[in-house]
There are 2 protein chains.
Amino acid sequence: MDLTERPDLPFDVFSKACPSRGTLEHVTGRWGGLTLGALYEGSLRFNELRRRVDGVSEKMLSQTLHALERDGLVHREAQPTNPPRVDYELTALGRGVAERLLPLVHFVEGNMAEILAARERYDAMRASGGARGALG
Amino acid sequence: MDLTERPDLPFDVFSKACPSRGTLEHVTGRWGGLTLGALYEGSLRFNELRRRVDGVSEKMLSQTLHALERDGLVHREAQPTNPPRVDYELTALGRGVAERLLPLVHFVEGNMAEILAARERYDAMRASGGARGALG
DNA sequence: CGGTATCCCGGCCGATACTG
DNA sequence: CAGTATCGGCCGGGATACCG
């Protein structure tokens, strides 16, 4: 397959004004991707999600969920019980996004050792003073 | 395939301290993804890249390229000519990332109309005052 | 051409307190 | 439990100027 072949769509992410850039940032931002990933495993309540996405604050989780719900990727199901119970789950669109996002995440996780090695090489090269090759 | 099945790796992105989160942000951040996408189409020079990635500033492109180079995703080839010529291209690892990133980007682009419609519905619902259904 | 250095603002984000 | 309100720090990122 040729991934450079771009279908003739009305939206082009390379264009400055393309609204897809905004959604892409919701989806791939610091918390958006982790939230979608967690929900891909199944419906979760607010605090379950908060525990699953290690490090997220109440505020950011709430904000992230609102953005994803607005984009039609997450469905919010509130039950008017006491205490209140709210479940979050992916929509069909959200599953589509998650199915394409997770392979990327897993690929990076799986190659993290190589990435860390590349970083060490890069940093060592800079520290030792330049762009010369192995021979110095 | 079951994307929830996570191989037993030393790195887990859901964990607060996982370094993959950093690389993921380089890759999916505001400019990282567009830069990888542009380079997936072929090797490019600095200003070619700058024109292709509409809206990026010199500073952010430089910063983005450094981060991607450090992570071993992009290779920088400088020729000591005058005027200077520098080419950027994806490494094998970078192509692996791009191949998983592009389907996500294309999916969002392709479903942008639906996403925008979801936003309008969401905003209209909020403006009209509540979580009631179609019957008001 | 291919960058780096500096200034500065907006908003991301965490911490804390409060509400239904 | 499931959030909202408010404050403040930090830094992403744009504008501009400058360098080899």
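Order of the sequence lines fixes the chain letters, A, B, ..., with proteins taken first and strands second; residue numbering starts at 1 for each chain. Fair warning: this is a prediction, and the values are worked out from it, not measured in the lab.
- Side-chain contact between B/Leu104 and A/Thr28 is present, with at least one heavy-atom pair separated by less than 4.5 Å.
- Within 6.0 Å of the CD atom in B/Glu120, the count of heavy atoms belonging to other residues, nucleotides or ligands does not exceed 12.
- Mapped onto DNA chain D by nearest heavy atom, B/Ser57 and A/Glu58 fall at different nucleotides, with A/Glu58 at the one closer to the 5' end.
- You can see that DNA chain D meets the heavy atoms of chain B within a 4.0 Å-exclusive cut from D/dG13 to D/dG20, reading 5' to 3'.
- Contact detail for B/Arg76 and B/Ala78: the closest heavy-atom pair is NH1-CB, 3.7 Å.
- Protein chain A touches strand DNA chain C; the 5'-most and 3'-most nucleotides with an atom under 4.0 angstrom of its non-hydrogen atoms are C/dC13 to C/dG20.
- When each of A/Pro84 and B/Lys59 is assigned the nucleotide of DNA chain C with its nearest heavy atom, B/Lys59 is the one assigned upstream, toward the 5' end.
- Listed here is the closest heavy atom pair of A/Val13 and B/Glu109: N-OE2, 2.7 Å.
- With contacts defined as side-chain heavy-atom distances shorter than 4.5 Å, the pair A/His75/A/Leu90 does not qualify.
- Contacts between residues 60-78 of chain A and DNA chain C, defined by a heavy-atom separation below 4.0 Å, involve A/Met60, listed by number.
- Nearest approach of B/Leu44 to B/Ala38, heavy atoms of both residues: CD1-O, 3.9 Å.
- Remark: B/Arg30, B/Trp31 in residues 27-39 of chain B come within less than 4.0 Å of DNA chain D through at least one heavy atom.
- Scanning both residues, A/Ser43 and A/Glu89, for their nearest heavy atoms gives CB-CB, 4.1 Å.
- Along DNA chain D, the nucleotide nearest to B/Gly55 and the one nearest to A/Pro83 differ in position, and the one closer to the 5' end is contacted by A/Pro83.
- Closest heavy-atom contact between B/Phe14 and B/Arg21: O-NH2, 3.1 Å.
- For the pair B/Asp87 and B/Glu25, both in contact range of DNA chain C, the more 5′-proximal nearest nucleotide belongs to B/Asp87.
- Closest non-hydrogen pair, B/Tyr88 versus B/Val74, comes out as CD2-CG1, 3.9 Å.
- Using a 4.5 Å heavy-atom cutoff, the side chains of B/Gln79 and B/Val86 are not in contact.
- Partners of B/Pro19 under the side chain to side chain contact (heavy atoms under 4.5 Å, CB included) rule, at least two apart in sequence or in another chain, are A/Met112, A/Leu116, B/Phe11.
- At least one side-chain heavy atom of B/Leu61 sits under 4.5 Å from a side-chain heavy atom of B/Leu49.
- Partners of A/Arg85 under the salt bridge (charged side-chain N to carboxylate O under 4.0 Å, His left out) rule, at least two apart in sequence or in another chain, are A/Asp87.
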